[in-house]
Number of protein chains: 2
Amino acid sequence: MPDDMHAPAPDYPVTPRNRVKRTPERGVYDRETVHAILDAGMLCHVAWVLDGQPFCTPTFHWREGDTLYWHGSSASRMLRSLRAGLPACVTVSHLDGLVLARCGFNHSANYRSVMCFGTARIVEDPEEKARALTAVIDRFFPERAATLRANTAQEVKATTVIGMHIDEASAKIRAKGVGDGPEEFGQRVWAGVLPVRTVIGAAEPCPNTQPALPRPASLDVYAEGGTLDAALRATQALYEAAG
Amino acid sequence: MPDDMHAPAPDYPVTPRNRVKRTPERGVYDRETVHAILDAGMLCHVAWVLDGQPFCTPTFHWREGDTLYWHGSSASRMLRSLRAGLPACVTVSHLDGLVLARCGFNHSANYRSVMCFGTARIVEDPEEKARALTAVIDRFFPERAATLRANTAQEVKATTVIGMHIDEASAKIRAKGVGDGPEEFGQRVWAGVLPVRTVIGAAEPCPNTQPALPRPASLDVYAEGGTLDAALRATQALYEAAG
């Protein structure tokens, strides 16, 4: 079970580690904002250190309360070094737009990002691990886990689940137009925002799918043309509602 | 000038630091593949260490030869600690699809990612810095820098450019269908790939844009509905061709 089922404080604590120093007006520390940005993505980047060397490992995450989870093969270098519990920083970022100004200095991007700080640990408890191996499916694809071939003991053994309680977090958001002022408006150059979004394409069924086996309605949230952001937020809400 | 104008070896060296250990069959070390993945994105994540604490900072990058650049305010914590030159790992990742299998273990994602290792340093040389402040515009928006209000001395001073020679790099790619075998094909559950891509939306002109100032043709590469991936690769090619 996640360790934060008691009602958490609405804001993450602000410390020298997570305080947003550059453009502090973009810093946000409330759980609702932080969680919304985490839940809108499945790709995260984990910074960790081995013998003084930083590594930035991309992986896929999910969240239960104030705990982030990700997983990987027991063979991976990161996981071996994590066995004792390792300080980590997990970042999730969304690029929302390119901002073209009338001077170089005001060029920018619209984005939402979260940095989470904590100690990553291997999930050893068999019950927590079993729950996580279900969650990694059902959190993204509602009620799917029960429809799959059951995990074998060998598969469970070969999968390492990492958990990290979010001790501190900060979100940083830019969501506005061009930052030019009157002193730039006279410059005869086009300025504006080029929005970007990550969208879902047409589903590609496995050629070995049994005939007459349609895509289940539970995957409608991933309909072609929708944004991944919306699908991931919706499936997280469904997962939380299912308890 | 980038320090790699002599013809580089086609492959990055493979060391214990950058060798892909988990799913090694997905590891690629040739410059062409590595650079294509770097150039297809503008969002990177930088892992760095301060007093033993890892940080994973999202930022925007560009590339000249074997050098990655990114920039930020002189006030930022990361940049202060980088002044002496700091080991860093810069990762660029693209999520290309969600892979739904017939068992939990074979669920996966299609992706392209690159991890780059090197020592980040502040670009102090005025010529290299001036070149970088032009590149950060023109690399993304062909020939735009010359159309902008010139940078002021104060703006140049307030902008710190970071450069990192890529000493080692590895790419990791998954680009295929469901990994199930005959032992899973009998499971009566839909399996397949949900592709995702990052696309460009309708341009939003700044409301203060002078009347009758059209979007320049040089921005056509960012036309609505195109992928950001293709636009960024195209603009990198144009930037390299312009010398």
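Each chain gets a letter, A, B and so on, in the order the sequences are listed, and its residues count up from 1.
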Exercise for review: Let me see the working for Gln53(A) and Asp51(A) under side-chain contact (heavy atoms from CB on, under 4.5 Å), right down to the final yes or no.
Suggested key: CA-CA 6 Å; Gln53(A) 170 69 51; Asp51(A) 301 331; 5.7 Å; no
Review point. Is Arg149(A) paired with Glu155(A) through a side-chain N to carboxylate O contact shorter than 4.0 Å?
Key: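 Yes.
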Practice item. Output yes when Asp96(A) and Arg112(A) qualify as a salt bridge under the 4.0 Å nitrogen-oxygen rule, no when they do not. Key: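 Looking at Arg112(A) together with Asp96(A), the answer is yes, because their closest N to O distance falls below 4.0 Å.
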Residue among [options] with most heavy-atom pairs under 4.5 Å to chain B:
| options | result |
| --- | --- |
| Leu98(A), Asn151(A), Val136(A) | Leu98(A) |
| Val92(A), Leu148(A), Thr152(A) | Leu148(A) |
| Ala202(A), Gly52(A), Ser113(A), Ala150(A) | Ala202(A) |
| Gly192(A), Gly201(A), Pro195(A), Ser93(A) | Pro195(A) |
| Val199(A), Leu194(A), Val196(A), Leu95(A) | Val199(A) |

Exercise for review: Would you check if there is a donor-acceptor pair between the side chains of His45(B) and Thr57(B) at a distance under 3.5 Å?
Suggested key: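 No donor-acceptor contact under 3.5 Å links the two side chains.
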Check your understanding: Do Arg174(B) and Ser108(B) have a side chain donor and acceptor closer than 3.5 Å?
Key ->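 Side-chain D/A pair, Arg174(B) to Ser108(B): present.
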Checking the side chain of [X] only, and the main-chain atoms of [Y] only, is there a donor and an acceptor separated by less than 3.5 Å?
| X | Y | answer |
| --- | --- | --- |
| His107(A) | Arg102(A) | no |
| Thr91(A) | Cys56(B) | yes |
| His61(B) | Leu38(B) | yes |
| Asn18(B) | Thr15(B) | yes |
| Ser170(A) | Arg19(A) | no |

**Study point:** Under 4.5 Å from a heavy atom of chain A, the part of Pro214(B) involved
**Key:**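 For Pro214(B), backbone heavy atoms alone lie under 4.5 Å from chain A.
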Review point. Which bit of Ala101(B) is near chain A, if near means a heavy-atom gap under 4.5 Å: side chain, backbone, both or neither?
Key: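 Ala101(B) touches chain A through backbone heavy atoms alone.
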Exercise for review: Select all residues of residues 175-184 of chain A having any heavy atom within less than 4.5 Å of some heavy atom of chain B, and report them by number, or 'none'.
Suggested key: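 Within residues 175-184 of chain A, the residues that come under 4.5 Å of chain B (heavy atoms only) are Val178(A), Glu184(A).
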Practice item. Could you please state which residues from residues 137-147 of chain A sit under 4.5 angstrom from chain B, measuring non-hydrogen atom to non-hydrogen atom, sorted by number, or 'none'? Key: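 Against chain B, the residues of residues 137-147 of chain A that fall inside the cut-off (heavy atoms, under 4.5 Å) are Ile137(A), Phe141(A), Arg144(A), Thr147(A).
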Practice item. Please round to the nearest 0.5 Å and tell me the distance separating atom CH2 of Trp62(B) and atom CG of Leu232(B). Key: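 With rounding to 0.5 Å, CH2 (Trp62(B)) is 14.0 Å from CG (Leu232(B)).
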Check your understanding: Between Phe60(B), Phe185(B), Phe105(B), Trp190(B), which residue shows the highest count of heavy-atom pairs closer than 4.5 Å to chain A?
Key ->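 Of Phe60(B), Phe185(B), Phe105(B), Trp190(B), Trp190(B) has the most heavy-atom pairs under 4.5 Å with chain A.
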Practice item. Specify which of Val193(B), Leu219(B), Leu228(B) makes the most heavy-atom pairs with chain A at under 4.5 Å. Key: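 Maximum pair count with chain A is reached by Val193(B).
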**Study point:** Test side-chain hydrogen bond (donor to acceptor under 3.5 Å, both in side chains) applied to Lys172(B) and Thr23(B), step by step
**Key:** CA-CA 9 Å; Lys172(B) 208 169 157 185; Thr23(B) 56; 3.3 Å; yes
Check your understanding: Any side-chain heavy atom of Tyr111(B) within less than 4.5 Å of one from Leu43(A)?
Key ->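 Not touching, per the 4.5 Å side-chain cut-off.
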Point to revise | Ser218(B) side chain reached by Asp220(B) side chain, heavy atoms, under 4.5 Å | key: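 Contact flag for Asp220(B)/Ser218(B) side chains = no.
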